[in-house]
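Both ligands and their constituent atoms are indexed starting at 1 by order of listing. Side-chain atoms are counted along with the backbone in the values below, which use heavy atoms only and exclude waters and symmetry mates.
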Amino acid sequence: MTEKINVGTKAVWSGEKEVLVHGATQVPVIVSVAYNYDDMDEWYDVAVGKKQGHIYGRNTNPTVQAFEDKVKILEGAEAATSFSTGMAAISNTLYTFLKPGDRIVSIKDTYGGTNKIFTEFLPKMNIEVALCDTGDHEAIEEELEKGCTILYLETPTNPTVKITDIERMAKKGKEAGAIVVVDNTFATPINQNPLELGADLVLHSATKFLGGHADALGGVVCGAKELIEPIYHYREINGATLDPWAAYLLLRGMKTLKLRVVQQEKNALAIAQYLQQQELVEDVFYPGLATHTNHDIAKKQMKGFGGMLSFSLKGGMDAVKILLPALKYANRAANLGAVETTYGPARTTSHVECTPEERAAMGIPEGLVRISAGIEDTEDLIQDLEQAFALLKENTVTV
Ligand SMILES: *Cc1c(COP(=O)(O)O)cnc(C)c1O
């Protein structure tokens with residue numbers, strides 16, 4: 001696509017043309033596992049990659065390809081490949097490039113599953129993992145200087161929405177000879193394009209904001225063709241392929257990505273500002289607040305601050321147990337990025353595998369609650385919080 005169009009238009013139109021058939025305006029779900037060839041030479045040429053086409057569903061599928069093309073265009077990438085889940089995108093990307101004796105540098109606050117790969121699975125393969133305090137740029141730079149195969153970043157992080165300077169770290173990472181990978185799930189391609197900031201690969205749990213309706217799992221990684229090809233090869237052999245039905249749901253969800261993100265961040269900011277005014281609230285974390293530690297970096301590298309925030313209550317978990325059930329327009333669930341506003345305590349969702357001591361060491365208070373703002377009308381979400389806080393006040397014994 002040479003024409004210069006904006007990201008919202010791209011989300012609606014891009015990546016679909018090639019797969020449309022019979023004059024249909026919508027992408028078909030092609031469920032066929034294999035493809036028929038009368039011409040033995042053509043079959044051979046497609047099989048060996050000399051000619052474009054499809055052979056077998058574990059490798060490629062037209063509906064899945066339309067999904068990959070849309071994300072690729074939104075991230076401004078040359079190529080993309082997709083996966084059955086976000087974790088498959090992350091693990092396949094890491095395992096494609098890492099071998100025994102290698103070294104990976106990352107941060108302590110990555111997504112829980114990613115953190116488990118770093119602490120449980122990579123060390124078993126004799127891969128050294130250096131995890132730095134999130135937001136401590138000097139510590140990351142020091143680790144990079146010791147040698148590094150992959151620099152793995154995630155920003156904003158889950159659930160305390162900490163920010164890392166992608167441009168600064170990507171530059172240092174490349175100087176160290178590392179492949180720079182960024183998990184862009186929280187920011188979405190609407191708000192942040194890590195490849196433009198110097199990263200080599202950007203990946204997403206498409207399950208979250210890209211799909212947006214909490215009804216399909218998927219993952220995707222984008223970057224230069226020479227990096228995506230080996231990842232695609234690893235995936236086609238290891239088998240974590242995205243299902244065509246899921247690809248269709250994700251693709252349809254993505255058409256409204258921009259509209260959703262705009263409303264979600266409007267709601268997130270309103271909720272953050274409301275919470276800041278509550279005397280029963282201890283702390284509020286949102287990159288869009290001037291009080292956020294790295295608000296300046298967020299402002300520099302993000303076009304908007306996204307729909308994710310978190311807060312803690314002075315009454316800890318006891319107070320959370322009163323406040324959360326009182327909310328009428330919220331799911332109390334483990335997912336995020338959906339059209340419905342979703343609340344979840346970190347100790348039950350993102351950091352369920354950690355002990356209270358480990359959570360404390362990561363700067364996660366026991367009563368921390370993650371909010372994924374939905375697309376509801378802002379005043380209704382605030383009204384909902386008002387009635388829930390009134391109930392909490394009634395139940396809070398003051399001494
Ligand atoms: C959910 C999530 C993942 C994992 O994605 P799945 O689709 O659940 O496998 C990875 N990174 C981040 C930031 C996430 O929120």
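A ring-ring contact (aromatic ring centres under 6.0 Å, His included) check over residues 286-319, counting only residues at least two apart or in different chains, returns the pairs H295-F305.
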In a simple table, one pair per line, please give the protein and ligand 1 atom names for every N or O pair closer than 3.5 Å, along with the distance.
| from | atom 1 | to | atom 2 | distance (Å) |
| --- | --- | --- | --- | --- |
| ligand 1 | 5 (O) | S205 | OG | 2.9 |
| ligand 1 | 7 (O) | G86 | N | 2.9 |
| ligand 1 | 7 (O) | S205 | OG | 2.9 |
| ligand 1 | 7 (O) | T207 | OG1 | 2.6 |
| ligand 1 | 9 (O) | G86 | N | 3.1 |
| ligand 1 | 9 (O) | M87 | N | 2.8 |
| ligand 1 | 11 (N) | D183 | OD2 | 2.7 |
| ligand 1 | 15 (O) | K208 | NZ | 2.7 |

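When T160, L269, I271, V161 are each tested for a side chain to side chain contact (heavy atoms under 4.5 Å, CB included) with L309, only one passes: I271.
Partners of T9 under the side chain to side chain contact (heavy atoms under 4.5 Å, CB included) rule, at least two apart in sequence or in another chain, are I5, W13. With sequence neighbours excluded, no residue forms a side-chain hydrogen bond (donor to acceptor under 3.5 Å, both in side chains) with T342.
A distance of 15.0 Å separates CD1 of I90 from NZ of K116, quoted to the nearest 0.5 Å.
Within the 3.5 Å criterion, the main-chain N or O of L324 finds a donor-acceptor partner in the side chain of R332.
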